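Below is one structure, written out as structure tokens; the observations come after it.
Here the structure is a predicted model, which is why all the values come from computation and not from measurement. A, B, ... follow the sequence lines: proteins, then strands. Residue 1 opens every chain.
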Amino acid sequence: MLSTQSVSKQFSSRVLKEISFERQPGSVTLLLGANGSGKTTLLKILAHLSTPTSGKVTLFGKEVTPQDVSYVGHQHMLYDELSPRENLELYLSLRGVSYDLDVAFDEWNLREKDTRVKELSEGSKVKVSLIRAFCIETPLLFLDEPSSSLDSVATEIVQRKIQERREAKTITVLSSHDLERLSLVATSALLLHQGGIAIDSYIQEGSVKEVVEQYHRYNR
Amino acid sequence: MTKLWILLRKEIRYECRSLQTVVAVVSLSLLLSTVVALGLSGAFLSPKITVKIFPSLIWMVFLFSSTIAVGRVFEPETRDGALHGLILSGVSLWKVFTAKCLVLWLLISAVQMISILLLSVMLNVPISHALGSLVALSLLVSFGYAPLALLLAAMSSTSRLKGILLPLLLFPLLFPLFFTAIELTIQVLTTNGTWTESFWFTFLLGIDALYYLVAINLFDHVVEG
């Protein structure tokens, strides 16, 4: 079980305030909130890429380690002078696992696999990040706006991949503005408002759809 | 060890493609060496005085050219969050740091040797009798310089003042290394291989170890910050 206990993050002002929630394996949580509500900060803390000012994140009672996590963020986390293949091979060899990258490139329809990353389009860079996130089965998957810059075919692949990971009992938390598509794969929703949790459908037993409607009301 | 080797290969491949540090450090070293040599030739110094100031000149050229070039050495890690990708691969940060440090060390040592040769030719200072010792000394001084410069480059990489912040932080901290390098160069050029028996040699080894250990222990905190 993924558990966050009173997680707060403070920069010049407080971005996250006492965030606590729990998720079981196989859950897909849609993280909602207006710009600046703290979604990206929360996902980075969950992914072990940012340290909370207070509070902790645990997986089955133990502190989350980078090996537990697959993550796609606003930054692509790629070396621009290396090709997608070289970037992914670097990641896989450091993880100590092997994977047939050509299969993944074909699946995601990424033709520029041997072109330097700095010459790729934004959509292709996102695809490389997504291949990295989905090529290894980790217990935790965090996706921050995964469908931005993607065409509809690639977004469908994201949907399918999340579904596959759900069946493999991965705990997924994702934020997206593509609510029409990605809310379909979510099993619960978490609405952030001004750095705190406004609604957690997991506890309050509301449907994802209801939380999405509530989110739209907050935004008006 | 395997992961360190993987990271080393990545560093070398990246540098070979971008040439960002090589071009900067080579061109700055050549330029500074030429400017220094031309400036001194106009001063009509006696050969005796030129030999005396030669150790200070070579390390001054090293300090300025390396520090300007090293300012960009951490950029590939911060650009597009590439370092986060490495963190998520589960690799220890000390290995990331050591791989970068080793490549930087070899690069600046090589350029320093070229710079010493160039200055000796232009200033007409004989160094052929001490070439081996100068190579060893360059390697040792660069080994102290690389971890400290890399740590401070990482610290200043996210600052808006990074262009000026790095030398401001680095130069005072490098003073013991710089001073030791000058003392040992004088000994290398004036004694017959006994420089390794001097106090300054032991001091240099101590500084190298200290700078590396401090840098590697602080790197985690710099990255997390």
| Would you say Lys44(A) has more than 12 foreign heavy atoms packed within less than 6.0 Å of its NZ? | no
| Distance, nearest 0.5 Å, that separates CG of Leu88(B) from CG of Leu94(A) | 11.5 Å
| Does Glu77(B) reach the side chain of Tyr79(A), with side-chain heavy atoms less than 4.5 Å apart? | yes
| query | Is there a side-chain contact between Tyr14(B) and Asp80(A) (heavy atoms, below 4.5 Å)? | reply | yes
| query | Which atoms of Thr78(B) come close to chain A, meaning under 4.5 Å heavy atom to heavy atom: side chain ones, backbone ones, both, or neither? | reply | backbone
| Would you say the side chain of Met77(A) lies within less than 4.5 Å of the side chain of Asp80(B), judging by non-hydrogen atoms? | no
| field | Inter-residue atom distance Leu90(A).CG - Lys3(B).NZ, 0.5 Å rounding | value | 11.0 Å
| request: Kindly check if the number of other-residue, nucleotide or ligand heavy atoms within 6.0 Å of CD (Glu119(A)) is above 12? | output: yes
| field | pair Leu82(A)-Lys10(B): side-chain heavy atoms closer than 4.5 Å | value | yes
| field | Test item: Arg132(A) side-chain N/O and Gly85(B) main-chain N/O as donor-acceptor pair under 3.5 Å | value | no
| said: Is it the case that atom CZ in Phe201(B) sees more than 12 heavy atoms from other parts of the structure closer than 6.0 Å? | reply: yes
| field | Interchain contact, Thr65(A) with chain B, by part (heavy-atom threshold 4.5 Å) | value | neither
| remark: Heaviest contributor of heavy-atom pairs below 4.5 Å to chain B, chosen from Glu81(A), Gln67(A), His74(A), is Glu81(A)
| said: With a 4.0 Å cut-off on N to O distance, would you call Arg17(B) and Glu86(A) a salt bridge? | reply: yes
| task | Under 4.5 Å, counting heavy-atom pairs only, tell me which of Gly73(A), Pro66(A), Ala47(A) racks up the most with chain B. | result | Pro66(A)
| field | Top of Leu83(B), Leu86(B), Leu7(B) for chain A proximity - count of heavy-atom pairs under 4.5 angstrom | value | Leu86(B)
| said: Please find the pair of heavy atoms, one from Leu78(A) and one from Ala82(B), that lie closest to each other, and give the distance. | reply: O-CB, 3.8 Å
